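Every chain is numbered from 1 and lettered A, B, ... according to where its sequence line falls, protein lines coming before strand lines. This one's a predicted model, so the numbers in the text were calculated from it and none came from an experiment.
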Number of protein chains: 2
Amino acid sequence: MLLTDRQVLILQVIVDDFIRTAQPVGSRSLSKKEEILFSSATIRNEMADLEELGFIEKTHTSSGRVPSEKGYRYYVDHLLLPQKLDRSEIQTVRSIFAEQIYELEKIVQKSAKILSELTSYTSIVLGPAVNDNKLKKIQIVPLNQDTAIAIIVTDTGHVENRMFHFPASVDPSDVEKMVNILNERLSGIPLVHLNASIYKEVAAILRQHIKSYDVLMGSITETLSIPASEKVFFGGKTNMLNQPEFNDIDKIRSLMAMIEQEDGISQLIRKNPKGINVKIGRENNNSAMDNCSLITATYSIGDEKLGTIAVLGPTRMEYSRVIGLLDFISADLSKVLTNLYQNK
Amino acid sequence: MLLTDRQVLILQVIVDDFIRTAQPVGSRSLSKKEEILFSSATIRNEMADLEELGFIEKTHTSSGRVPSEKGYRYYVDHLLLPQKLDRSEIQTVRSIFAEQIYELEKIVQKSAKILSELTSYTSIVLGPAVNDNKLKKIQIVPLNQDTAIAIIVTDTGHVENRMFHFPASVDPSDVEKMVNILNERLSGIPLVHLNASIYKEVAAILRQHIKSYDVLMGSITETLSIPASEKVFFGGKTNMLNQPEFNDIDKIRSLMAMIEQEDGISQLIRKNPKGINVKIGRENNNSAMDNCSLITATYSIGDEKLGTIAVLGPTRMEYSRVIGLLDFISADLSKVLTNLYQNK
DNA sequence: ATTTAGCACTCGTTATGAAAGAGTGCTAAC
DNA sequence: GTTAGCACTCTTTCATAACGAGTGCTAAAT
């Protein structure tokens with residue numbers, strides 16, 4: 001099943017042309033390309049073979065050829081060269097970090113926006129996995145006798161807050177004491193381990209010093225066990241409306257419903273491993289994305305994977321360009337974040 | 001230009017029918033309705049008059065009639081009876097407040113979701129105007145030598161946080177002192193007045209007690225002057241795709257672009273006064289909304305207007321139902337919020 | 001003076017067929 | 001192995017006709 005050089009050349013040109021025009025590619029128009037030195041009849045023969053091998057398809061008996069998912073896969077795996085960014089694009093990306101706002105979430109959100117603008121596809125960025133952030137400070141602000149807000153600040157500057165309730169009988173000074181002890185003992189612990197650590201390391205001390213131990217302990221552990229939300233940011237949600245393959249209302253409906261739902265797509269993205277990953281069409285296992293490809297890249301602080309940035313486009317997406325962009329942005333993002341938060 | 005009773009009846013039936021079916025209404029099908037006791041020929045005459053007066057329109061020379069914006073306006077102003085909610089709907093709405101989560105924003109967000117589900121249109125809720133909330137507590141958490149997070153908690157349980165920078169030379173105990181003074185003096189002040197109050201009431205004391213007065217004062221006032229974002233929540237953003245009037249890709253594109261942009265629509269909504277307001281089609285002054293109506297209602301704590309909830313639908317929207325719903329939800333929301341936050 | 005029946009007319013929708021155009025597969029010649 | 005040539009297929013476009021829903025107008029009925 002190895003392809004000859006000529007078949008590879010033809011496949012490449014078909015994919016490139018189709019990505020550019022969204023029109024099926026015929027043998028005659030192929031033969032006019034300058035890199036093609038043989039006749040349309042030869043091309044027809046080769047195309048028949050490529051079709052039999054499953055790399056290209058016809059939309060109907062007498063139409064030109066269109067890359068199949070297998071064809072795109074071959075293209076992505078073997079033929080594609082990540083596009084270098086030009087000067088102005090590099091500048092645009094760097095502008096993400098230009099403002100002196102060092103909030104992790106803001107940077108991430110802005111990345112999503114710029115990514116969608118540069119690609120004119122839809123971008124999705126999985127916010128940093130807050131659960132792995134380490135506790136910097138916990139504070140409790142009472143609102144009235146039986147309600148208070150717990151505020152959790154992480155080392156990356158992320159702020160989580162949760163309201164909780166307790167009986168009015170609880171002594172305010174008790175709450176204060178508890179917060180002090182928690183801060184002393186839990187600073188630096190990843191959020192996800194907070195609850196375990198409380199039981200293991202702090203419970204005994206708390207019990208000694210605090211009158212309403214049972215009640216408060218119940219409230220605080222319940223509050224801390226709510227999983228820190230891993231946020232999803234979108235850019236260009238409606239960009240897909242401009243792609244010619246989505247001139248069909250039904251396709252739009254199912255795709256938009258899928259994007260709007262957010263959960264499904266964030267799961268799809270989350271499970272991707274480090275580095276660049278390309279999922280083409282049905283490889284995504286989601287019927288709403290049959291005509292879409294999803295390219296993901298991870299970003300990190302140091303060696304620790306933090307989150308994922310992704311681009312959703314039609315299968316006929318500019319893989320080369322998008323991969324180049326994602327490559328650059330994710331590396332730059334990791335570099336900046338590492339500098340910001342690594343050595344503190 | 002007064003309409004006869006019969007003309008009003010015909011207009012009403014046309015609007016009702018068109019809202020239900022989305023099809024132009026002809027004289028023959030009208031004459032079959034049981035509330036219509038005269039012939040199709042009579043109806044045709046009346047319809048010709050109504051058309052001349054501008055209440056109804058034809059889509060083409062030999063089509064049935066469709067309400068014009070003026071027709072909808074008359075319907076909304078004179079003919080419409082807000083629909084009462086049935087038992088199960090009331091229950092659904094009440095479920096917004098069932099969970100013991102008293103966070104204002106969560107309640108508001110959930111309202112948007114339920115509103116869009118009950119109407120199958122798009123709902124928009126303008127979050128409470130945080131700027132008018134009163135300061136409960138301000139806290140500052142240092143992240144490293146030159147960065148800290150300012151956390152602002154309001155009396156409604158809303159938490160704002162902002163990162164800011166200062167020279168490493170600033171003494172940490174200075175920061176602590178400042179926070180204490182700010183809390184002592186500024187508690188209860190609406191966020192929007194914080195900056196002014198700092199200068200008026202706290203500056204003198206701060207200058208006395210704090211070494212790095214100038215630098216810190218600069219940082220803190222700059223931080224507080226960033227306007228607290230008034231959040232916009234959407235529900236059912238893609239619901240409009242299911243409306244038959246949006247079978248046209250171009251209409252979808254411009255509408256979705258408008259919804260996605262969020263700013264435009266939130267401005268459109270913000271300026272509406274207390275109570276229920278209906279804007280029909282071009283009354284919205286926005287070409288993307290030519291085929292849409294926007295119904296808004298305000299919610300309050302006590303007498304103080306807090307925010308707005310709105311429904312965006314086609315001009316052919318079920319005004320009676322939506323107005324009934326908005327009426328109920330906004331009243332209920334106001335009641336609950338008033339109970340929660342008024343008497344503390 | 002209203003109301004209604006009747007009818008010619010308009011316009012959108014649907015079905016049908018013809019012509020054009022793009023592209024293929026196959027055969028035979030190079 | 002490559003290419004020219006040609007019949008064939010399928011989509012797209014356009015014109016045409018038939019049908020149906022609905023109107024406006026006239027004249028008769030109430």
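The distance from atom CD1 of A/I43 to atom P of C/dT24 is 9 Å, rounded to the nearest whole Å. Whole-Å rounding puts the B/L50 CG to D/dT23 P distance at 12 Å. Atom P of nucleotide D/dG20 and atom CD of B/Q23 are separated by 18 Å, given to the nearest angstrom. A straight line from CD1 of A/I56 to P of C/dG25 spans 9 Å, rounded to a whole angstrom. With rounding to whole Å, A/M47 atom CE is found 14 Å from D/dT3 atom P. D/dG22 atom P lies 11 Å from atom CG of B/D17, rounded to whole Å. Remark: C1' of D/dA4 and CG of A/N45 are 12 Å apart, rounded to the nearest angstrom. Rounded to whole Å, atom P of D/dT23 lies 16 Å from atom CD of B/E52.
Distances shown here put a side-chain N or O of A/S27 below 4.0 Å from the OP1 or OP2 atom of C/dT24. At C/dT4, none of the side-chain N or O atoms of B/R28 fall inside 4.0 Å of OP1 or OP2 (strictly under the cut-off).
Nearest to the side-chain atoms of A/K58 among the listed nucleotides C/dG25, D/dT23, D/dT9 stands C/dG25.
Residue side chain A/S62 does not reach the base of C/dT24 through any donor-acceptor N/O pair under 3.5 Å, judged by distance alone. For B/R44 against D/dG24, a side-chain-to-base donor-acceptor contact under 3.5 Å is present.
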Side chains of residues 10-17 of chain B: which donor-acceptor pairs under 3.5 Å do they make with residues two or more places apart or in other chains?
{"residue": "B/D16", "atom": "OD1", "partner": "B/Y75", "partner atom": "OH", "Å": "2.8"}
{"residue": "B/D17", "atom": "OD1", "partner": "B/R20", "partner atom": "NH2", "Å": "2.6"}
{"residue": "B/D17", "atom": "OD1", "partner": "B/K33", "partner atom": "NZ", "Å": "2.6"}

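Residues forming a salt bridge (Lys or Arg N to Asp or Glu O under 4.0 Å) with A/K274 (at least two apart in sequence, or on another chain): none. For the salt bridge (Lys or Arg N to Asp or Glu O under 4.0 Å) test, residues two or more places apart in sequence or in another chain that qualify with B/D250 are B/R253. The salt bridge (Lys or Arg N to Asp or Glu O under 4.0 Å) test applied to B/R282 returns B/E69, not counting sequence neighbours. Every residue two or more places apart in sequence or in another chain was checked for a salt bridge (Lys or Arg N to Asp or Glu O under 4.0 Å) with A/K58, and none qualifies.
Between atom CD1 of residue B/I19 and atom CE of residue B/M317 there is a gap of 9.5 Å, rounded to the nearest 0.5 Å.
Place A/G26 and B/T59 on DNA chain C by their nearest nucleotides, and B/T59 ends up nearer the 5' end.
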Carefully, step by step, assess A/K237 and A/E262 under the rule salt bridge (charged side-chain N to carboxylate O under 4.0 Å, His left out).
CA-CA 11 Å; A/K237 268 188 184 175; A/E262 295 202 359; 3.6 Å; yes
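Within residues 29-42 of chain A, the residues that place at least one heavy atom under 4.0 Å from DNA chain D are, in residue-number order, A/F38, A/S39, A/A41, A/T42.
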